[in-house]
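This report refers to the structure that appears directly beneath it.
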Amino acid sequence: MHTLGAIEAGGTKFVCAVGREDGTVLERISFPTTTPEATMASVIHFFEDKEIEAIGVGSFGPVDPNKQSPTYGYITTTPKPHWAHYDMLGELRRRFNMPMEFDTDVNGAALGEMTWGAARGLQNCLYITVGTGIGAGAIANGRVIHGLAHPEMGHLLLRRHPQDPYAGGCPYHGDCLEGLAAGPAIEARWGVKASELGADHLAWEIEADYLAKALMSYVLVLSPEKIIMGGGVMKQEQLFPLIRGRFQQLMNAYVQKPQVLADIDTYIVAPQLGDNAGICGALALASKALGLKIG
Ligand code: ADP
Ligand code: ZN
């Protein structure tokens with residue numbers, strides 16, 4: 001067994017952990033995300049005496065995950081103050097001389113769920129987070145999808161729900177999926193905290209409608225074998241049956257597979273790793289950095 005470092009770099013908080021390639025987490029720490037300098041100093045301080053052999057980073061984005069690019073390992077155009085164009089991987093490399101793997105938080109989580117969680121044994125899966133923003137990571141034919149940069153599935157344009165008066169809050173696109181269905185959009189639409197809306201509120205029907213429309217596009221384009229939905233908003237467990245039902249209604253049995261017909265309850269699921277999906281994802285990335293066979 002190897003000793004691995006894992007970093008879940010979130011826009012609100014960072015989680016650092018030491019673990020092993022079987023997914024065991026030995027020790028972890030969490031602190032709020034402040035400036036890059038102060039935050040990365042805490043990260044470095046945590047790992048300094050840990051004798052780790054590799055580091056995996058799953059980061060909020062957008063990021064540059066392309067190893068050939070001069071800005072590989074950077075956070076790129078984030079609106080988050082101080083973090084735009086920040087060389088996160090470079091800072092780690094200046095301090096630690098070991099293999100590292102850097103990817104988006106959702107790509108990491110998809111890899112973690114495929115290695116140890118809900119998508120174990122599969123080759124194609126999707127991990128979606130619905131929180132402050134909406135993002136998704138996809139694995140196709142056993143490999144994390146990268147491209148020009150990485151997919152940005154949170155910004156799809158969708159047909160509007162007929163009872164939705166809200167204009168949408170995405171600074172780039174207004175009423176894209178994230179602008180309509182991320183946590184802050186729900187709160188702007190209804191004027192209350194999303195966690196305080198009753199389980200039978202119209203808010204959740206509208207939310208499920210938008211998420212189901214997005215899932216339909218993802219399924220038609222990527223054909224995932226499992227869809228895992230996490231993030232703060234998905235703590236509203238009543239969303240799962242609403243999303244599954246609306247998804248089936250919209251799909252109208254067009255994809256003739258048991259997963260989207262009778263077995264929908266095991267097709268669209270919560271993360272099996274629970275709140276550990278992110279940090280286990282980073283651990284999976286660290287294992288990948290060492291070239292280990294994980295699982
Ligand atoms: P982040 O996106 O920063 O990683 P989260 O995934 O926890 O963090 O998302 C935070 C957002 O999720 C908040 O904007 C809030 O609107 C929403 N949220 C958090 N908890 C709940 C809850 N229990 N019910 C509904 N929405 C929630
Ligand atoms: Zn957008």
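For ligands, and for the atoms within them, numbers begin at 1 and follow the listed sequence. In this chain, numbering begins with 1 at the start of the sequence shown. Being a predicted model, the structure only gives us computed values, none of them experimental.
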Check your understanding: Do we see a donor-acceptor contact under 3.5 Å between the side chains of Asp105 and Ser59?
Key -> no
Review point. Will you find, in the side chains of Asp103 and His146, an N or O donor that is under 3.5 Å from an N or O acceptor?
Key: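 Yes, His146 and Asp103 have a side-chain donor paired with an acceptor closer than 3.5 Å.
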Any idea which protein heavy atom is nearest [atom], and the distance to it?
| atom | value |
| --- | --- |
| atom 5 (P) of ligand 1 | Gly232 N, 3.6 Å |
| atom 8 (O) of ligand 1 | Thr132 OG1, 3.9 Å |
| atom 24 (N) of ligand 1 | Gln236 NE2, 2.8 Å |
| atom 17 (C) of ligand 1 | Val233 CG2, 3.9 Å |
| atom 26 (N) of ligand 1 | Ala194 CB, 3.4 Å |

Exercise for review: May I ask you to check whether Phe14 and Trp83 place their ring centers less than 6.0 Å from one another?
Suggested key: yes
Exercise for review: Determine yes or no for a side-chain-to-main-chain donor-acceptor pair under 3.5 angstrom, with Thr39 supplying the side chain and Thr35 the backbone.
Suggested key: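 A pair under 3.5 Å: yes.
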Practice item. Run down the list Gly135, Gly131, Gly278, Ala188 and name the one with the heavy atom closest to atom 9 (O) of ligand 1. Key: Gly131
**Study point:** From CA spacing to verdict: salt bridge (Lys or Arg N to Asp or Glu O under 4.0 Å), Lys226, Glu113
**Key:** CA-CA 10 Å; Lys226 187 78 80 178; Glu113 286 288 336; over 6 Å; no
Point to revise | atom 19 (C) of ligand 1 touched by protein heavy atom at under 4.0 Å | key: yes
How close do [X] and [Y] get, heavy atom to heavy atom, and via which atoms?
| X | Y | value |
| --- | --- | --- |
| Leu242 | Ala208 | CB-CB, 3.5 Å |
| Lys213 | Leu158 | CB-CD2, 3.9 Å |
| Pro65 | Ala149 | CG-O, 3.4 Å |

Atom indices of ligand 1 within 4.0 angstrom of [X] heavy atoms, with elements:
| X | value |
| --- | --- |
| Lys235 | 23 (N) |
| Gly231 | 6 (O) |
| Glu187 | 15 (C), 16 (O) |
| Gly183 | 14 (O), 16 (O) |

Check your understanding: Is the closest N or O pair between Thr12 and ligand 1 shorter than 3.5 Å?
Key -> yes
Point to revise | Among the N, O or S atoms of His155, the one nearest the Zn ion (ligand 2) | key: ND1
Review point. The Zn ion (ligand 2) is nearest to which N, O or S atom of His173?
Key: ND1
Practice item. Check Lys193 against ligand 1 and report side chain, backbone, both or neither, counting heavy atoms closer than 4.0 Å. Key: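 For Lys193, there is no contact with ligand 1 at all, from either part.
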Practice item. May I ask you to decide if the ring planes of Phe102 and Tyr72 are parallel, tilted or perpendicular, using 30° and 60° as cut-offs? Key: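 The arrangement is perpendicular - the two ring planes meet at more than 60°.
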Review point. Is the closest heavy atom of Pro184 to ligand 1 under 4.0 Å?
Key: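 For ligand 1, residue contact (heavy atoms, under 4.0 Å) with Pro184 is present.
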**Study point:** Spatial distance of atom OG (Ser195) from atom NZ (Lys235) [nearest 0.5 Å]
**Key:** 11.5 Å
